[in-house]
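Accompanying notes for the structure given below.
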Amino acid sequence: VLFRSVGLAVSLWLYGSAARERDRANHETAIAAAVSRFLGNDLIGRTDPFQSGRAEETLSAAVKQAAPNIDRQFRDAPEVAARLHQTIARALDNRSSYPDARPEYQRAAELFRKAGGELSQDAIVAELQRAAMEARAYTTGTLPEARAIVAAQEKLLARIARPRADVAVWLASARGMIALIGNDAKEAAAQFPSS
């Protein structure tokens, strides 16, 4: 009887764990689908002269035009809005449009915290991505700002029992970029080990 009870308890726990993982995967799939639709229809579609009516509209201009619509369109889905702001921030960051990327990173982190609380790991990642960008911006005050962002995120991470693996990668990336821009080759090598 004891073995059956233990077996039943383990089975129920495993079933519950599998159900939670399934629900999380379904949730992530729904977010990805919404992000994809917005990017395809509202962003990339704007660069199509047949849809936008303007043949000269660039992707950058389309991003700037579409970004304000995110919060209206996804006001009841902050996690979707956050992912979209983060995607736009990364695209602008990759084009070295740092002043335009900055508020997108900030809005993404704010919305991730709204959806997942103060210790949202997605918010921490968005902040670490912004820290790396601030270091690369290489203008007055951005390197100290990058350091301050990383320090704040490290304090939050210390309160999380088991951070996701990708968070550690983004933390090392931000630290490494700060070290590179700060001419600290030893620290940069420690954050970007070769293997």
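Note that the structure is predicted; figures quoted are calculated from it, not measured. FYI, side chains are in, hydrogens and waters are out, and symmetry mates aren't considered; it's all heavy atoms of this structure.
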hydrophobic_cluster_shared for Leu171 and Val169, side chain cutoff 4.5 Å: no
Any side-chain heavy-atom pair from Gln86 and Val125 closer than 4.5 angstrom? yes
Exam field: side chain Gln121 to backbone Val167, donor-acceptor pair closer than 3.5 Å: no
Hits for salt bridge (charged side-chain N to carboxylate O under 4.0 Å, His left out) against Arg113, two or more places apart or cross-chain, chain-then-number order -> Glu127
Contacts of Ser120 meeting side chain to side chain contact (heavy atoms under 4.5 Å, CB included) (sequence neighbours excluded), chain-then-number -> Phe112, Asp122, Ala123
Side chains of Gln191 and Glu187: donor-acceptor distance under 3.5 Å anywhere? yes
Run the side chain to side chain contact (heavy atoms under 4.5 Å, CB included) test on Ile149 and Arg130 for me, step by step, so that the C-alpha distance in whole Å, both residues' side-chain angles and the decisive distance to 0.1 Å come before the verdict. CA-CA 8 Å; Ile149 293 168; Arg130 181 168 69 99; 3.4 Å; yes
For the pair Glu134 and Arg147, find out whether any cationic side-chain nitrogen is under 4.0 Å from an anionic carboxylate oxygen. no
Atom pair CG (Leu143) and CD1 (Ile181), whose distance is rounded to the nearest 0.5 Å: 7.5 Å
Check step by step if side chain to side chain contact (heavy atoms under 4.5 Å, CB included) holds for Leu111 and Asp71. CA-CA 10 Å; Leu111 288 166; Asp71 292 335; 3.6 Å; yes
Would you compute the distance between atom OG1 of Thr87 and atom CG of Leu92 and round it to the nearest 0.5 angstrom? 11.0 Å
Those residues that, when tested against Ala77, pass side chain to side chain contact (heavy atoms under 4.5 Å, CB included) (two or more places apart): Phe74, Val80
Sequence neighbours excluded, the answer for salt bridge (charged side-chain N to carboxylate O under 4.0 Å, His left out) partners of Asp184 is none
Please assess His85 against Ile70 for the test side chain to side chain contact (heavy atoms under 4.5 Å, CB included), listing each intermediate value before the final yes or no. CA-CA 8 Å; His85 282 291; Ile70 293 170; 3.6 Å; yes
Could you pull out the closest heavy-atom pair between Ile124 and Leu119, with the gap in Å? CD1-O, 4.4 Å
Atom CG of Leu157 and atom CZ of Arg164: how far apart are they, to the nearest 0.5 Å? 10.0 Å
Could you state the interatomic distance from CG (Leu156) to CZ (Arg159), rounded to the nearest 0.5 Å? 6.0 Å
Throw together a table of side-chain donor-acceptor distances under 3.5 angstrom for residues 172-180, partners on residues two or more places apart or in other chains.
from   : atom 1 : to     : atom 2 : distance (Å)
Arg175 : NE     : Glu154 : OE2    : 2.8
Arg175 : NH2    : Glu154 : OE2    : 2.6

Distance, nearest 0.5 Å, that separates CD of Gln129 from CD of Gln153: 11.0 Å
Electrostatic pair Arg107:Glu110 at N-O distance under 4.0 angstrom: yes
Hydrophobic cluster of Met133, others only, ordered by chain and residue number, side-chain cut-off 4.5 Å: Tyr98, Tyr105
